[in-house]
Structure formats: C-alpha cells, structure tokens
Amino acid sequence: MLRFAVKLTAKPSSVDDADVEALRAAGFSDRDILDIVEVVGYYAYANRVADGLGLELEPWIPD
C-alpha cells in the first residue's frame, strides 16, 4: 500500500493495472483501493493549496 501511495504521489501517470492488482493480491478490496487513492489525492490537493497560498507551517510541525 505504501509503495502504491508513494508512486501515486510522485509519478501518478505511471500507475497502471499491475499496481492495482498488486493491492488486490495483498488483500485490499476495491473499496480499500478507492480509499487509498482518495486519501493520497486529498493530501496532494491540500498540500498544493497550502503551497500555492504561501501558508507557513505551524511551529510544532517538523519540516
């Protein structure tokens, strides 16, 4: 799952059917895979919005 999440984050156009099949083979359901994709997509979106607006990290968040 984590390899898939990193690949989807770093090189989304390289994700293919084999990646999804590997998740299924590891026991993830289609619903689980959808949840993984949605969480990765949400964080990518939220980070880009924050970066685009020039938001600064809270002092307690390590960079």
Side-chain angles (χ1 to χ4, degrees):
M1 176 190 65
L2 295 178
R3 277 191 293 271
F4 177 84
V6 168
K7 185 174 184 178
L8 183 57
T9 299
K11 296 182 179 180
S13 64
S14 71
V15 173
D16 58 21
D17 291 341
D19 298 309
V20 175
E21 287 304 320
L23 289 173
R24 287 187 182 122
F28 291 96
S29 69
D30 286 348
R31 176 56 198 255
D32 295 332
I33 296 166
L34 174 62
D35 289 344
I36 294 165
V37 170
E38 288 178 331
V39 168
V40 170
Y42 170 76
Y43 277 96
Y45 165 78
N47 286 329
R48 280 160 182 77
V49 169
D51 289 344
L53 295 175
L55 299 179
E56 305 249 343
L57 290 176
E58 297 290 334
W60 55 269
I61 298 175
D63 48 345

Worksheet item: Are Tyr45 and Leu53 grouped together when hydrophobic residues (ILVMFWY) are joined by side-chain heavy atoms under 4.5 angstrom apart?
Response: yes
Worksheet item: Of the options Asp35, Leu34, Ile36, which is the one that meets Phe28 in a side chain to side chain contact (heavy atoms under 4.5 Å, CB included)?
Response: Ile36
Could you list the donor-acceptor pairs under 3.5 angstrom formed between side-chain atoms of residues 4-24 and any protein atom two or more places apart in sequence or on another chain?
unit_1: Lys7; atom_1: NZ; unit_2: Ser14; atom_2: O; d: 3.4
unit_1: Lys7; atom_1: NZ; unit_2: Asp19; atom_2: OD1; d: 3.1
unit_1: Lys7; atom_1: NZ; unit_2: Asp19; atom_2: OD2; d: 2.9
unit_1: Thr9; atom_1: OG1; unit_2: Ala5; atom_2: O; d: 2.8
unit_1: Ser14; atom_1: OG; unit_2: Lys11; atom_2: O; d: 2.7
unit_1: Asp16; atom_1: OD1; unit_2: Ala18; atom_2: N; d: 3.2
unit_1: Asp16; atom_1: OD1; unit_2: Asp19; atom_2: N; d: 3.3
unit_1: Asp19; atom_1: OD2; unit_2: Asp16; atom_2: N; d: 2.8
unit_1: Glu21; atom_1: OE2; unit_2: Arg24; atom_2: NH1; d: 2.5
unit_1: Arg24; atom_1: NE; unit_2: Asp30; atom_2: OD1; d: 2.7
unit_1: Arg24; atom_1: NH2; unit_2: Asp30; atom_2: OD1; d: 2.9

Practice prompt. Check whether Val37 and Leu2 end up in the same hydrophobic cluster, where Ile, Leu, Val, Met, Phe, Trp and Tyr are linked by side-chain heavy atoms less than 4.5 Å apart.
Written response: yes
Worksheet entry | ILVMFWY network linking Met1 to Val39, side-chain heavy atoms under 4.5 angstrom | no
Item to complete: Give a yes or no on whether Leu55 and Val49 share a hydrophobic cluster (residues Ile, Leu, Val, Met, Phe, Trp, Tyr; joining criterion: side-chain heavy atoms under 4.5 Å apart).
Response: yes
